[in-house]
Peer 1: 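Here's a structure for you.
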There are 2 protein chains.
Amino acid sequence: MTVATQRIAAHLRSAILGGHIAPGERVRQEDVAQELGASRLPVREALQMLAAEGMIEHEPNKGARVPWLSMREVDVMYKMREQLEPLALSESMPFLTPGDLLRLEEIQDEIEAGVEVEQFLALDREFHLRTYSACGIDHLTSTVTRLWNSTQYYRRAFMHISGPSRRWVVNAEHRLLMDALGRRDEIDAGRFLAGHIRRTRIELNRHPEVFGED
Amino acid sequence: MTVATQRIAAHLRSAILGGHIAPGERVRQEDVAQELGASRLPVREALQMLAAEGMIEHEPNKGARVPWLSMREVDVMYKMREQLEPLALSESMPFLTPGDLLRLEEIQDEIEAGVEVEQFLALDREFHLRTYSACGIDHLTSTVTRLWNSTQYYRRAFMHISGPSRRWVVNAEHRLLMDALGRRDEIDAGRFLAGHIRRTRIELNRHPEVFGED
DNA sequence: GCACCTCCTATTGGATCCAATCCAACCTAC
DNA sequence: GTAGGTTGGATTGGATCCAATAGGAGGTGC
């Protein structure tokens with residue numbers, strides 16, 4: 001199965017991450033199959049994968065749709081990130097190469113050059129996930145990636161309503177983190193990262209309108 | 001898809017958890033289909049789900065097999081549990097009913113009555129997962145469940161080689177945890193739980209033979 | 001006019017069939 | 001005797017077909 005299935009799953013993932021499929025929206029097998037020039041079978045398998053990843057939910061005989069998340073759900077998912085990402089970072093840090101750090105620098109430079117929301121989301125995501133990727137533990141990186149994937153929609157909504165000061169804070173925190181990484185200071189890096197996530201979570205809680213809960 | 005697929009996925013999960021399919025062992029679609037009286041199609045979808053859960057791995061054109069985990073992988077997965085389960089407990093605690101606590105008591109009584117390894121594994125698993133189930137956050141409970149599922153084989157091997165003193169320690173720690181839960185003492189409960197997991201992890205690291213790494 | 005029931009269509013779920021790939025055994029050439 | 005190529009069986013991957021279910025449109029009775 002895998003070759004076509006993986007391709008389709010990747011396509012659907014990026015369509016959801018890119019906001020082309022919004023929460024609540026239904027995903028019909030036939031549509032996806034035609035769009036990608038495949039039969040419904042590998043589409044069904046891809047949907048099964050995404051369901052296991054939490055990116056879509058599947059009701060018997062009613063099909064697949066992107067799930068809505070409540071504010072509490074997202075809040076707890078940020079708490080999970082706050083617990084897991086410092087661990088991922090400390091497991092990854094010993095294996096980060098100077099080349100990796102250089103790449104982080106490039107990404108951050110690009111962010112600070114001033115980009116639109118959509119590209120900011122992609123770059124911010126790449127920045128963080130890249131710092132974890134060297135850890136080599138699949139269960140860990142995939143769990144963290146899942147948390148990023150499932151909350152992307154709400155992160156986007158948040159970026160759209162928050163002003164430029166939000167960006168400045170993020171940039172400063174990224175620089176602090178990179179500095180600690182360069183010094184190989186595991187303690188500082190973990191502290192900055194946890195604080196970065198925690199502050200974002202608290203900020204999010206001030207905006208229930210992101211979740212349609214005002 | 002869902003009705004048959006879920007049934008088959010559940011069957012495969014319990015077969016792996018029960019040790020009837022060991023790491024490295026191949027899972028052929030046809031065999032499973034015949035055993036459960038279904039066609040290969042829902043089996044393929046179930047395998048796709050389990051692959052996304054990390055319980056099997058899938059190589060294109062070569063089929064599915066239960067993956068081996070290295071000692072480091074399991075070590076990091078225990079570190080993940082150490083971070084996540086106290087969170088799950090604190091999110092769940094406000095919603096735990098007296099009936100839930102009573103059920104925990106029953107499970108622990110049964111464990112202490114003296115059970116075989118296989119039943120101990122099942123009861124221990126139910127004990128802990130039940131303390132989290134009230135939190136109502138799917139992403140959290142399913143992540144924790146995944147970590148338990150994927151490490152079950154190694155937990156079994158460990159229980160087989162460790163003596164009865166190991167059981168006494170676990171029992172004492174469970175009682176401490178239950179006591180804290182009864183007092184609604186979130187701090188103590190989290191502390192006991194984290195320590196429980198951490199000590200188990202350290203103990204595991206003393207037995208590389210569990211992973212075929214001596 | 002409103003509620004309920006029936007039928008019809010759109011969509012998903014499952015089975016069978018055929019093609020592509022892999023792996024191992026065997027055969028040939030040197 | 002060994003290395004390398006070749007062929008055949010086993011298994012997975014993909015497409016098409018048919019069955020089952022959901023949900024809405026339309027009709028009928030009161």
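Heavy atoms only: backbone and side chains are in, while hydrogens, waters and symmetry mates are out. Lettering follows sequence order; numbering is per chain, from 1.
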Peer 1: Indicate, yes or no, whether a donor-acceptor pair under 3.5 Å links the base of dG14(D) to the side chain of Arg44(A).
Peer 2: no
Peer 1: Kindly say if His58(B) contacts the phosphate of dG13(D), meaning a side-chain N or O under 4.0 Å from OP1 or OP2.
Peer 2: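 True: His58(B) side-chain N/O within range (under 4.0 Å) of dG13(D) OP1/OP2.
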Peer 1: Whole angstroms only, please: what is the CD-P distance between Gln48(A) and dG14(D)?
Peer 2: 16 Å
Peer 1: Check Glu59(B) with Arg65(B), please: is the shortest side-chain N to carboxylate O separation under 4.0 Å?
Peer 2: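 Salt bridge between Arg65(B) and Glu59(B), a charged N being under 4.0 Å from a carboxylate O: no.
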Peer 1: I want to confirm an ordering. Mapping Ala38(A) and Arg26(B) to their closest nucleotides on DNA chain D, which one lands closer to the 5' end?
Peer 2: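 By nearest-heavy-atom nucleotide position, the 5'-most residue is Arg26(B).
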Peer 1: In whole angstroms, how far is the P atom of dA22(D) from the CG atom of Asn61(A)?
Peer 2: 5 Å
Peer 1: Only counting residues at least two apart or in another chain, list the ones meeting salt bridge (Lys or Arg N to Asp or Glu O under 4.0 Å) with Glu203(B).
Peer 2: Arg206(B)
Peer 1: Rounded to the nearest angstrom, tell me the gap between atom CZ in Arg7(B) and atom C1' in dG14(C).
Peer 2: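 It is 13 Å, rounded to the nearest whole Å.
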Peer 1: Just compare dG14(C), dA15(D), dT12(C) and give me whichever is closest to any side-chain atom of Arg28(A).
Peer 2: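 Nearest nucleotide to the side chain: dT12(C).
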Peer 1: So, OP1 or OP2 of dG23(D): does either fall under 4.0 Å of a side-chain N or O from Lys62(A)?
Peer 2: yes
Peer 1: Does Arg40(A) get its side chain close enough to the base of dG14(D), under 3.5 Å, for a donor-acceptor pair?
Peer 2: no
Peer 1: In whole angstrom, what separates Glu59(B)'s CD from dG13(D)'s P?
Peer 2: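 Distance check: Glu59(B) CD to dG13(D) P gives 11 Å.
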Peer 1: Should Lys79(B) and Glu82(B) count as an ion pair when the cut-off is N to O under 4.0 Å?
Peer 2: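 A salt bridge is absent here (no side-chain N lies under 4.0 Å from a carboxylate O).
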Peer 1: Check whether the side chains of Gln29(B) and Arg40(B) place a donor and an acceptor atom closer than 3.5 Å, and report yes or no.
Peer 2: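 Yes, because at least one side-chain N or O of Gln29(B) sits under 3.5 Å from a partner of the opposite role on Arg40(B).
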Peer 1: To the nearest Å, how far apart are Glu45(A) CD and dT12(D) C1'?
Peer 2: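 To the nearest whole Å, that distance equals 11 Å.
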Peer 1: When the nearest nucleotide of DNA chain C is assigned to Leu41(A) and to Ala64(A) on a heavy-atom basis, which residue is associated with the more 5' position?
Peer 2: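 Here Ala64(A) is the residue nearer the 5' end.
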Peer 1: When the distance from CD of Glu30(B) to C1' of dA15(C) is rounded to whole Å, what number comes out?
Peer 2: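 About 12 Å, once rounded to whole Å.
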Peer 1: Starting at atom CZ of Arg65(B), determine the distance to atom C1' of dT11(D), rounded to an integer number of angstrom.
Peer 2: 13 Å
Peer 1: How is Val27(A) classified with respect to the nucleic acid when contacts are heavy atoms under 4.0 Å: base, sugar-phosphate, or nothing?
Peer 2: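 Since only primed, P, OP1 and OP2 atoms lie under 4.0 Å of Val27(A), the category is sugar-phosphate.
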Peer 1: Round to a whole Å and report the spacing from CG of Leu47(A) to C1' of dG14(C).
Peer 2: 16 Å
Peer 1: Between Glu118(B) and Arg156(B), is there a salt bridge with N-O shorter than 4.0 Å?
Peer 2: yes
